[in-house]
Amino acid sequence: MTIRKVLLLGLALLASSAAAQKTIRITGYGGTDQTLLTDLINRFVKPTMAKQGITVVYQPLQGDYNKGLTTLLAANTAGDVMYLPAETLDGFVATKKILPLNGLVSTTPFIKSLNTAFTRDGKLYAIAKDFNTLTLVYNKDLFDEAGVAYPSNNDTWTTLATKLTALKQKLGSEYYGICLQPNFDRFGAFAYSTGWKQFDSKGKTNLADPAFVQAFNWYTGLAKDKVGVTPSEVSTDWGGGCLKTGKVAVAVEGGWVVNFLRDNAPNLKYGTALLPKNDATGKRGNFLYTVGYAINASTKNRAAAVKVLNLLTSAPAQQYVLEQGLAIPSRTALINNAYFKKTEAGAQNARLVFEGADDGNVRAFTFGPKGPDWGKPINEALAAVLSGQRSAADALKKAQSDMTTFQGR
C-alpha cells in the first residue's frame, strides 16, 4: 500500500469516527415527560439516526423549565433540539437563539392554529409536539339527579347558565353548578369568545374593553347564589379536584383531567362538551396550551437536528403520543383516527379537545414579552370578585391601573 493510500484510509477512518461520535441532544421536561420522551425517542428516532452514525440523547430539566432553558441558552449549552413553550415564546425569540424553521420543515401536516402559535413576524420557531384546549367536563350523575339536560356543544353562555342554575336549585346548598378558577388560564377563553384581543397593535392590554368587561361580568356572575364556586371553597386548587368532590357539576379543563379522574375518582361518570358560545358573537373562545420542538440557532449539527425534529413529529410518533393519553398530537390528519371514534369518556374528551383547536376564537396561552406576571392583575381581580371582596367595576378599575403600571415598566 502506498503512502498516499495509507493517508487516504486514515482520513476516511477519522471521518467515520467523527460521524459515529455525532450526538444530537434534546432538552425537555422532566417528570412524566421524561419517561414518555425517552420511550418515544427509542422507538421512533434512534433507529433511523443510528443508521447515519448519529446518537440521540434526551436531557430533561428538572424544576422551572423556563429558567433552566434561559440559563442553558445564555451559556450556549442548550440542546440541539429543545422544548419551546408557547406561553414564553416571545422572551426566547428575543434572545435570537432560536432558529427560524421557515424553509427547513414543512408546516402543512400540522394544525394551522398551532403553527400560528409559534410564529412571530412571519418566522416559525417551533413545531407543536402536542397540545390541549379547554372543554366542559361534567358529572353525569348530578345532572341526572337534578333532571337537567347535560351541557351540549350547542350551548350558549345563557343556556349553560340556565342549566347550572336549575341544577343548583334542584340539588340544594351543598352542590354547585361550576368550578370557577380565579385565573386567566381558564377565564381568558371566555374573554376570547367575545372577540377581545389580549394585546393591541402597540402591545398594550385593555381591560376596560366592553368585550372583556362582558366576559368578566358573566364569569364572576356565576358565583351569584353559589351556582359557581371557587376550588378553595371545596378544599381543592383546581377543576379536577372540584369534580372529585362529587359536589360540583362542571369544570373547565383540558385532556389532562382524564387520567386524574381515572386514578382519583374512578366511579365518577363524566361527559365532555365544547365550551359554550358567546350569545352575541356566536363563537367559542379557547386556549391552545402547547409546547413545540425548536432548534438551537447555534447548533453545529443543523441538518441532523432538523431530521430529529421531523422524526419526533412524524405520523407514527404522534400516533404513539395519542395512545398514551397525556396530550393530543398536532397533526391535522389525526381527526380521522380510530381512537377519537371510541365511546369511552376519555376518548370523547380527547376528540373534543382536538376539535377545540380550530373552533372559534382560539389563541395560544401566552403571557407576552414581559412574562408570567402579565396575568397577575386579572387573577387578582377575579379572586377579589369571586370572594365577594370587591365589585366587578372596582376590581376591573384596579386591574387596569395595575396592568398599565406593569406594561409601562
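Remember, predicted model here, so these are calculated numbers, not experimental data.
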Q.
Which heavy atom of Met49 sits nearest to which heavy atom of Ala304, and what is that distance?
A. CE-O, 3.8 Å
Q. Considering all heavy atoms of both residues, which atom of Thr133 and which atom of Val353 are nearest to each other, and what is their separation?
A. OG1-O, 2.8 Å
Q | Which atom of Ala166 lies closest to which atom of Val148, heavy atoms considered | A | CB-CG2, 4.0 Å
Q.
Donor-acceptor pair, distance only, cut-off 3.5 Å: does the side chain of Tyr65 make one with the backbone of Tyr83?
A. yes
Q. Do side-chain atoms of Arg363 reach the backbone of Asn286 as a donor and acceptor pair under 3.5 angstrom?
A. no
Q | Pairs touching residues 64-183 that satisfy disulfide (SG to SG under 2.5 Å), sequence neighbours left out | A | Cys179-Cys242
Q. Among side-chain atoms of Tyr192 and Gln198, is any donor-acceptor pair under 3.5 angstrom?
A. yes
Q. Considering residues, nucleotides and ligands other than Lys341, do more than 12 of their heavy atoms fall under 6.0 Å from its NZ?
A. yes
(Q) Within a 6.0 Å radius of atom NZ on Lys397, are there more than 12 heavy atoms belonging to other residues, nucleotides or ligands? (A) no
Q. Any chance the side chains of Asp358 and Ser113 put a donor and an acceptor closer than 3.5 Å?
A. no
Q. Where do Thr404 and Gln400 land on the side chain to side chain donor-acceptor pair (under 3.5 Å) test, with the steps shown first?
A. CA-CA 6 Å; Thr404 300; Gln400 181 60 71; 3.2 Å; yes
Q. Does Lys204 use its side chain to pair, donor to acceptor, with the backbone of Gln407 at less than 3.5 Å?
A. yes
Q: Report yes or no: does Gln348 contribute a side-chain atom to a donor-acceptor pair with the main-chain N or O of Ala345 at less than 3.5 Å?
A: no
Q: Drop me the distance from Thr313's OG1 to Phe44's CZ, to the nearest 0.5 angstrom.
A: 12.5 Å
(Q) Under a 3.5 Å distance rule, please check whether Gln181 uses its side chain to pair with a backbone N or O of Arg186 as donor and acceptor. (A) no
Q: Show the numbers, then the answer: is there a salt bridge (charged side-chain N to carboxylate O under 4.0 Å, His left out) between Glu233 and Lys226?
A: CA-CA 10 Å; Glu233 291 178 275; Lys226 293 297 181 183; 2.3 Å; yes
Q. Between the side chain of Thr299 and the main-chain N/O of Asp80, is any donor-acceptor distance below 3.5 Å?
A. no
Q.
Could you go through Tyr320 and Asp39, starting from their C-alpha distance and side-chain angles, then the distance that decides it, and tell me whether this counts as side chain to side chain donor-acceptor pair (under 3.5 Å)?
A. CA-CA 10 Å; Tyr320 170 81; Asp39 193 38; 2.5 Å; yes
Q: Check the angle between the aromatic planes of Phe187 and Phe212 and answer parallel, tilted or perpendicular using the 30° and 60° thresholds.
A: perpendicular
Q: Grab the two heavy atoms, one from Gly177 and one from Leu164, that are nearest each other, plus how far apart they are.
A: O-CD2, 3.4 Å
Q. Are any side-chain N or O atoms of Arg284 and backbone N or O atoms of Asn153, one a donor and one an acceptor, separated by less than 3.5 Å?
A. yes
**Q.** Electrostatic pair Asp394-Lys398, nearest N-O below 4.0 angstrom
**A.** no
Q.
Checking Tyr219 against Leu382 for the side chain to side chain contact (heavy atoms under 4.5 Å, CB included) test, could you report, in this order, the C-alpha distance in whole Å, the side-chain angles of both residues, the deciding distance, and whether it holds?
A. CA-CA 9 Å; Tyr219 191 85; Leu382 288 168; 4.0 Å; yes
Q) So do the side chains of Gln59 and Ile26 get within less than 4.5 Å of each other, counting heavy atoms only? A) no
**Q.** Side chain proximity check, Leu334 to Asn337, heavy atoms < 4.5 angstrom
**A.** yes
Q. What's the verdict on side chain to side chain contact (heavy atoms under 4.5 Å, CB included) for Leu84 and Val291, showing C-alpha distance, side-chain angles and the deciding distance?
A. CA-CA 6 Å; Leu84 186 63; Val291 174; 5.8 Å; no
Q | Centroid-centroid under 6.0 Å between Tyr138 and Tyr270 rings | A | no
Q. Is Gln169 close to Val227 at the side-chain level, that is, under 4.5 Å between some pair of heavy atoms?
A. no
Q.
Nearest 0.5 Å, please: how far is OH in Tyr339 from CZ in Phe354?
A. 13.0 Å
Q: Could you tell me whether Trp374 and Phe199 have their ring centroids closer than 6.0 angstrom?
A: yes
Q) Taking everything shown except Glu174 itself, do over 12 heavy atoms lie less than 6.0 Å from its CD? A) no
Q. Is the closest side-chain heavy-atom distance between Phe260 and Asn264 below 4.5 Å?
A. yes
Q: Look at the side chain of Gln318 and the backbone N and O of Ser330, then say whether any donor-acceptor pair between them is shorter than 3.5 Å.
A: yes
**Q.** Expected output: side-chain Ser193 to main-chain Asn278 donor-acceptor under 3.5 Å
**A.** yes
Q: Apply side chain to side chain contact (heavy atoms under 4.5 Å, CB included) to the pair Phe118 and Ile127, showing each step before the final yes or no.
A: CA-CA 7 Å; Phe118 289 106; Ile127 293 294; over 6 Å; no
Q: Would you name the heavy atoms of Gly240 and Leu261 that are closest together and state the gap between them?
A: O-CD2, 4.3 Å
Q | Exceeds 12 heavy-atom contacts within 6.0 angstrom, atom NZ of Lys370 | A | yes
Q.
A side-chain contact here means heavy atoms from C-beta on lying under 4.5 Å apart; do Lys197 and Asp209 qualify?
A. no
Q. Only one of Phe287, Phe367, Phe190 clears ring-ring contact (aromatic ring centres under 6.0 Å, His included) with Phe184; which?
A. Phe287
Q: Using the ring of Tyr176 (Phe, Tyr or Trp, six-membered ring only), decide whether Lys168 places NZ or CZ under 6.0 Å from its centre and within 45 degrees of its axis.
A: yes
Q: Could you check if a side-chain atom of Asp155 sits within less than 4.5 angstrom of a side-chain atom of Lys277, using non-hydrogen atoms only?
A: no
Q.
Return the NZ to OG1 distance between Lys112 and Thr119, rounded to the nearest 0.5 Å.
A. 11.0 Å
Q: Carefully, step by step, assess Asn301 and Lys22 under the rule side chain to side chain contact (heavy atoms under 4.5 Å, CB included).
A: CA-CA 8 Å; Asn301 303 306; Lys22 187 180 291 184; 3.6 Å; yes
(Q) With rounding to the nearest 0.5 angstrom, report the CG to CG distance, Leu69 to Asp64. (A) 10.5 Å
Q: Taking Thr162 for its side chain and Thr158 for its backbone only, find out whether a donor-acceptor pair lies under 3.5 Å.
A: yes
Q. Roughly how far, to the nearest 0.5 Å, is CG of Leu243 from CD of Glu253?
A. 7.5 Å
Q: Mind listing the closest non-hydrogen atom pair of Asn66 and Pro85 along with its distance?
A: OD1-CG, 3.6 Å
Q) What distance do Leu36 atom CG and Ile41 atom CD1 have between them, rounded to the nearest 0.5 Å? A) 9.5 Å
Q.
When you compare the side chain of Val229 with that of Leu180, does any pair of heavy atoms fall below 4.5 Å?
A. no
Q.
I want to check something: taking the side chain as every heavy atom from C-beta on, are Ile178 and Val248 in contact at a cut-off of under 4.5 Å?
A. no
